[in-house]
J.: 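Just dropping this structure here.
Please read all numbers here as calculations on a predicted model, not as lab measurements. Numbers restart at 1 for each chain; the letters A, B, ... are given by sequence-line order, proteins then strands.
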Amino acid sequence: MTSTPRLRFAPSPTGYLHIGGARTALFNYLYAKRHGGTFVLRMEDTDRERSTPESVEAIYAGMRWLGLQWDEGPGVDGGFGPYFQTERLHLYREHAERLISEGKAYRCYCTREEIEARRRIAESEKRQYRYEGTCRDRTDAPDLPSIIRFRMPEGEGSVTFDDRVLGPITKLYSDLDDWVMLRADGIPLYNFGCVIDDHSMGITVVGRGQEHVNSTFPQLMLYRALGWEPPAFAHFPLILGTDREKLSKRRHPEADVMVHQQNGILPEALLNFVVRLGWSHGNDEVIPLEQMIEWFDFAQVGTANAVWNPEKLLWLNAQYLKLLPRAVVAERLEPFLARIGLPGLPLARRERLVEVLAERSQTLVELAEKAAVFLKPGVTFDPKAVTKHLHPDGRALLSQVRALLAGLEWDPAALEGAVKTVSEQAQVGMGKVAQPLRVAITGSTSSPGIGETLELIGREEALARIDAALALPQA
RNA sequence: GUCCCUGUCGUCUAGAGGCCCAGGACGCUGGCCUUUCAAGCCGGUAACACGGGUUCGAAUCCCGUCAGGGACACCA
């Protein structure tokens with residue numbers, strides 16, 4: 001291959017963007033970027049029963065959220081459009097007719113019912129069903145509705161291709177069968193539309209999930225029949241759910257890319273997590289997109305399927321929460337604050353929250369929840385914390401520190417200094433003062449540093465909370 | 001059932017004949033730090049599916065067994 005590579009992601013818009021699809025898109029994207037090639041998006045919308053405009057939008061949304069911008073595709077014409085298969089029907093028809101005229105395909109008049117019946121018989125006789133081609137050379141019924149089938153060559157033979165990740169794979173002709181290219185209504189089936197489009201769009205490398213290795217063989221037969229040079233193929237290992245079965249929309253909620261957004265996962269973290277499912281670069285774990293582009297190669301893609309690991313996703317997300325610029329995280333935090341009734345916080349304030357809370361949170365949801373303790377008026381006391389720290393001694397220390405706090409400038413260092421002063425005066429450990437105070441202002445025994453916590457809550461609210469705690473009935 | 005792919009700690013993986021009585025990461029766990037919670041740092045736990053070959057030498061190559069996954073539609 002001398003010119004720059006062209007790769008594509010070709011989802012069928014029959015639902016949300018699937019996590020497996022997202023990783024396929026990512027691998028193709030990375031390879032294209034790495035080699036200065038082109039990343040194409042093509043919609044395989046030939047399943048008219050299930051394809052919907054909403055799904056098309058959902059796929060765009062998922063790709064956009066992940067930052068996987070296509071160089072060519074819907075909305076970005078690169079001279080190979082249109083990029084929806086239903087807008088390319090004439091192409092499929094043309095090539096099908098050509099194949100028929102060359103005897104490499106034929107009209108098939110069998111009804112689904114007939115074939116279904118034959119299949120049942122084969123099953124009952126415990127043998128594999130093969131299409132018998134009874135109408136292979138029928139020419140007497142040109143007006144009857146018919147589909148178009150590919151004609152498998154007779155006799156011994158095999159097809160082989162050298163997969164870029166799996167290595168050489170071979171299939172015998174005898175394990176292949178005549179297959180449907182075009183339906184009576186002119187809609188192509190996957191194997192046909194895929195080949196016609198990959199070729200006519202100049203695709204040089206086809207990267208897709210391993211569930212497609214078997215369909216590579218009929219596709220190769222088609223390239224051969226058409227006299228076309230096939231692209232290179234790379235089949236990626238599958239992503240399995242924790243139950244070890246292929247991640248499916250049905251029973252794996254995590255298969256939906258956008259639920260992760262809802263769960264407060266950062267797209268950078270999801271991308272990093274997913275790229276490591278089937279690909280690695282030595283011992284590296286935290287690999288930002290620019291780095292992936294620099295390092296990615298099919299040679300390092302694994303051959304075995306990978307199981308989804310929610311803990312590691314969370315860990316990576318925590319890493320990115322700390323890694324990303326605060327302004328970026330603060331921006332992403334806004335919808336989550338809004339969701340719990342705290343919209344419209346100034347950016348600077350959000351950045352401060354991120355600064356203090358990012359290293360204590362694994363998701364944006366968690367970060368927002370922690371922020372709520374500071375931001376929403378009032379406190380919910382944890383009874384155990386109250387008994388443990390707001391006993392008479394604790395309260396005595398608490399009112400001492402309250403008196404000191406009231407006259408202070410509201411700065412974290414100064415506030416913490418006040419706690420220290422009181423603990424020194426009373427000759428007790430700092431915890432003896434900080435803990436009652438912490439319980440008073442947050443309701444619980446854990447929070448960021450006491451100075452920061454006071455600062456974030458604000459003078460008026462903090463003092464009010466202390467007073468409320470002091471007024472609590474003694475247990 | 002037929003065909004295809006795969007098989008290193010619980011999970012993601014490094015490993016492309018000697019560097020490996022197998023390294024990293026998540027998780028779990030012990031400790032340090034510390035006003036709490038985290039974060040961070042130091043340590044521990046745990047794997048080459050099994051059986052045959054080939055070789056001076058195998059996690060790495062070959063064969064078989066077993067196991068897992070995928071594909072077998074007028075879905076993609």
Side-chain angles (χ1 to χ4, degrees), chain A residues 10-14 44-47 49-51 85 108 110-112 115-116 119 122-123 126-130 146-149 163 166-167 169-172 174-177 179-185 187-191 193-194 208-217 235 237-238 240 242 244-246 273 276-286 299-300 302-316 318 322 356-362 370 385 389 416 419-420 423 429-439 442 444-451 453:
Chain A
S12 66
T14 55
E44 305 215 329
D45 60 340
T46 53
D47 184 338
E49 285 76 49
R50 296 191 302 148
S51 295
Q85 289 192 318
C108 171
C110 301
T111 63
R112 294 175 201 237
I115 291 176
E116 207 30 64
R119 181 170 287 130
E123 257 163 47
K126 297 228 190 277
R127 49 168 236 266
Q128 190 188 6
Y129 173 73
R130 305 202 77 234
S146 66
I147 59 168
I148 298 175
R149 270 184 201 275
D163 193 275
L166 261 15
I169 310 176
T170 301
K171 191 95 151 184
L172 267 17
S174 55
D175 288 323
L176 263 15
D177 202 357
W179 50 275
V180 181
M181 301 185 337
L182 222 54
R183 311 203 311 194
D185 58 6
I187 302 289
L189 263 72
Y190 173 68
N191 283 148
C194 180
R208 61 204 345 180
Q210 264 181 27
E211 73 265 32
H212 287 122
V213 315
N214 285 303
S215 55
T216 308
F217 301 101
H235 288 97
L238 268 20
L240 273 23
T242 43
R244 312 287 159 119
E245 286 187 53
K246 186 170 86 160
F273 172 70
R276 288 283 293 96
L277 253 29
W279 175 79
S280 62
H281 181 272
N283 285 337
D284 296 299
E285 295 289 348
V286 178
Q300 267 65 245
T303 50
N305 296 164
V307 176
W308 186 262
N309 182 349
E311 284 86 19
K312 192 146 186 181
L313 207 214
L314 251 17
W315 175 79
L316 269 169
K322 290 185 287 185
V356 179
L357 262 15
E359 68 187 23
R360 313 182 139 75
S361 312
Q362 291 195 298
K370 287 194 155 71
H389 297 288
E416 191 164 325
V419 175
K420 196 162 187 196
S423 74
M430 216 167 140
K432 288 272 187 277
V433 184
Q435 284 306 78
L437 177 54
R438 177 168 278 117
V439 174
T442 69
S444 86
T445 55
S446 73
S447 85
I450 197 68
T453 302

J.: Taking B:A14 as the reference, what is the distance to B:C28 when you measure between their P atoms (whole Å, please)?
T.: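 Roughly 24 Å separates the two P atoms.
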J.: Can you tell me how far CD of A:Q435 sits from CD1 of A:I450, rounded to the nearest 0.5 angstrom?
T.: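 Interatomic distance, A:I450 CD1 to A:Q435 CD, rounded to 0.5 Å: 7.5 Å.
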J.: Determine the contact category for A:E49: base if any of its heavy atoms lies under 4.0 Å from a base atom, sugar-phosphate if only primed atoms, P, OP1 or OP2 are that close, otherwise nothing.
T.: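 Result for A:E49 = nothing.
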J.: Using the C1' atoms only, state how far B:A47 lies from B:U35, rounded to an integer number of Å.
T.: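 After rounding to an integer number of Å, I get 43 Å for this pair.
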J.: Going by distance alone, is a donor N or O of one side chain under 3.5 Å from an acceptor N or O of the other, for A:T442 and A:S447?
T.: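 There is no such pair between these side chains.
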J.: Test A:F273 against A:W308 for ring pair (Phe, Tyr, Trp, His ring centres under 6.0 Å), laying out the working first.
T.: CA-CA 9 Å; A:F273 172 70; A:W308 186 262; 4.8 Å; yes
J.: Pick from A:Q210, A:R208, A:H212: which one makes a side chain to side chain donor-acceptor pair (under 3.5 Å) with A:H235?
T.: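 Only match with A:H235 under side chain to side chain donor-acceptor pair (under 3.5 Å): A:R208.
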J.: Using a 4.0 Å heavy-atom cut-off, does A:K322 contact any base of the nucleic acid, only the sugar-phosphate backbone, or nothing at all?
T.: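 Sugar-phosphate only.
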J.: Base, sugar-phosphate, or nothing for A:G429, non-hydrogen atoms under 4.0 angstrom?
T.: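 No contact.
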J.: Name the nucleic acid region contacted by A:D47, choosing base, sugar-phosphate or nothing; use a 4.0 angstrom heavy-atom cut-off, strictly under.
T.: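 Sugar-phosphate only.
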J.: CG of A:L313 to CD of A:Q362: how many Å apart, nearest 0.5 Å?
T.: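 A:L313 CG to A:Q362 CD: 10.0 Å, rounded to 0.5 Å.
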J.: Which nucleotide, in any strand shown, forms a Watson-Crick or G-U wobble pair with B:C66, with both distances under 3.5 Å?
T.: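 Partner of B:C66: B:G7.
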J.: Any chance you could measure A:E285, atom CD, to A:R276, atom CZ, to the nearest 0.5 Å?
T.: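 If we round to the nearest 0.5 Å, A:E285:CD and A:R276:CZ are 4.5 Å apart.
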J.: Quick one: look up who B:A16 pairs with, Watson-Crick or G-U, both distances under 3.5 Å, and put none if it's unpaired.
T.: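 Matched B:A16 with nothing under the 3.5 Å cut-off.
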J.: For chain A and RNA chain B, what are the first and last nucleotides along the strand, 5' to 3', with at least one atom under 4.0 angstrom from a heavy atom of the protein chain?
T.: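 Going 5' to 3' along RNA chain B, contacts run B:U2 to B:A76.
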J.: Just checking A:S447: base, sugar-phosphate only, or nothing, at a heavy-atom cut-off of under 4.0 Å?
T.: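 Base contact.
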J.: Out of A:L189, A:I187, A:I148, which residue meets the side chain to side chain contact (heavy atoms under 4.5 Å, CB included) rule with A:L182?
T.: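 When side chain to side chain contact (heavy atoms under 4.5 Å, CB included) is applied between A:L182 and each of A:L189, A:I187, A:I148, only A:I148 qualifies.
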J.: A:K420 near the nucleic acid: base, sugar-phosphate alone, or nothing, with a heavy-atom cut-off under 4.0 Å?
T.: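 The answer is nothing, as A:K420 stays clear of every strand by at least 4.0 Å.
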J.: Would you tell me whether A:K171 and A:N214 have side-chain atoms, one donor and one acceptor, within less than 3.5 Å of each other?
T.: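 Present: a donor and an acceptor within the cut-off.
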J.: For nucleotides B:C66 and B:A49, find the distance between their C1' atoms and express it as a whole number of Å.
T.: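 B:C66 and B:A49 have their C1' atoms separated by 8 Å.
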J.: To the nearest 0.5 angstrom, please state how far the CG atom of A:N191 sits from the CZ atom of A:F217.
T.: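 Result: 12.0 Å between the selected atoms.
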J.: Students often get this wrong, so: under 4.0 angstrom with heavy atoms, is A:P11 touching a base, only sugar-phosphate, or nothing?
T.: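 Result for A:P11 = nothing.
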J.: Scan every strand shown for a Watson-Crick or G-U wobble partner of B:A59, both distances under 3.5 Å, and answer none if you come up empty.
T.: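 No nucleotide pairs with B:A59.
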J.: Using the C1' atom as the reference point in each nucleotide, state the distance between B:A58 and B:G17 in Å, no decimals.
T.: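 These two C1' atoms come out 6 Å apart once rounded.
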J.: For atom P, what is the distance between B:A46 and B:C9, given to the nearest Å?
T.: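 B:A46 and B:C9 have their P atoms separated by 14 Å.
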J.: When all nucleic acid strands are considered with a 4.0 Å heavy-atom cut-off, which category describes A:T46: base, sugar-phosphate, or nothing?
T.: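 Answer is sugar-phosphate: A:T46 comes under 4.0 Å of backbone atoms only.
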J.: What's A:R438 touching, base or sugar-phosphate or nothing? Going by heavy atoms closer than 4.0 Å.
T.: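 The residue A:R438 makes base contact.
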J.: How far does the C1' atom of B:G43 sit from the matching atom of B:G51, given to the nearest Å?
T.: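 So the two C1' atoms sit 38 Å from each other.
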J.: Give one of base, sugar-phosphate or nothing for A:E44, where a contact means two heavy atoms less than 4.0 Å apart.
T.: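 Counting heavy atoms under 4.0 Å across all strands, the contact made by A:E44 is with sugar-phosphate only.
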J.: Could you give the distance separating B:G70 and B:C63 at their P atoms, to the nearest angstrom?
T.: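 Looking at atom P only, B:C63 and B:G70 are 25 Å apart.
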J.: Find the partner of B:A73: check Watson-Crick (N1-N3 plus N6-O4 or O6-N4) and G-U wobble (N1-O2, O6-N3) distances, both under 3.5 Å, and reply none if neither fits.
T.: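 Result: none.
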J.: At under 4.0 Å between heavy atoms, what does A:H235 touch on the DNA or RNA strands: base, sugar-phosphate, or nothing?
T.: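 No contact.
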J.: Which is true for A:R208 with a 4.0 Å heavy-atom rule: it touches a base, it touches only sugar-phosphate, or it touches nothing?
T.: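 Nothing, no nucleic acid heavy atom in range.
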J.: What contact category does A:L277 fall into here, base, sugar-phosphate, or nothing, at under 4.0 angstrom with non-hydrogen atoms?
T.: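 Contact class for A:L277: sugar-phosphate only.
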J.: At 4.0 Å (heavy atoms only), tell me whether A:S12 reaches a base, stays on the sugar-phosphate, or touches nothing.
T.: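 Sugar-phosphate only.
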J.: For B:A39, what is the paired nucleotide under Watson-Crick or G-U wobble rules, both distances under 3.5 Å?
T.: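 Answer to the pairing question: none, since B:A39 forms no Watson-Crick or G-U pair.
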J.: Specify the residue among A:R50 and A:G282 whose closest nucleotide of RNA chain B lies further upstream toward the 5′ end.
T.: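 Residue closer to the 5' terminus by nearest nucleotide: A:G282.
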J.: Both A:L189 and A:D175 contact RNA chain B. Taking the nearest nucleotide for each, which residue is further toward the 5' end?
T.: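 Result of the comparison: A:D175.
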J.: Any strand counts, and the cut-off is 3.5 Å on both contacts for Watson-Crick or G-U wobble. Which nucleotide pairs with B:U54?
T.: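 Check on B:U54: unpaired, no WC or wobble geometry under 3.5 Å.
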J.: Looking only at atom C1', what distance separates B:A16 and B:C72, rounded to whole Å?
T.: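 Going atom to atom, C1' in each nucleotide, I get 34 Å.
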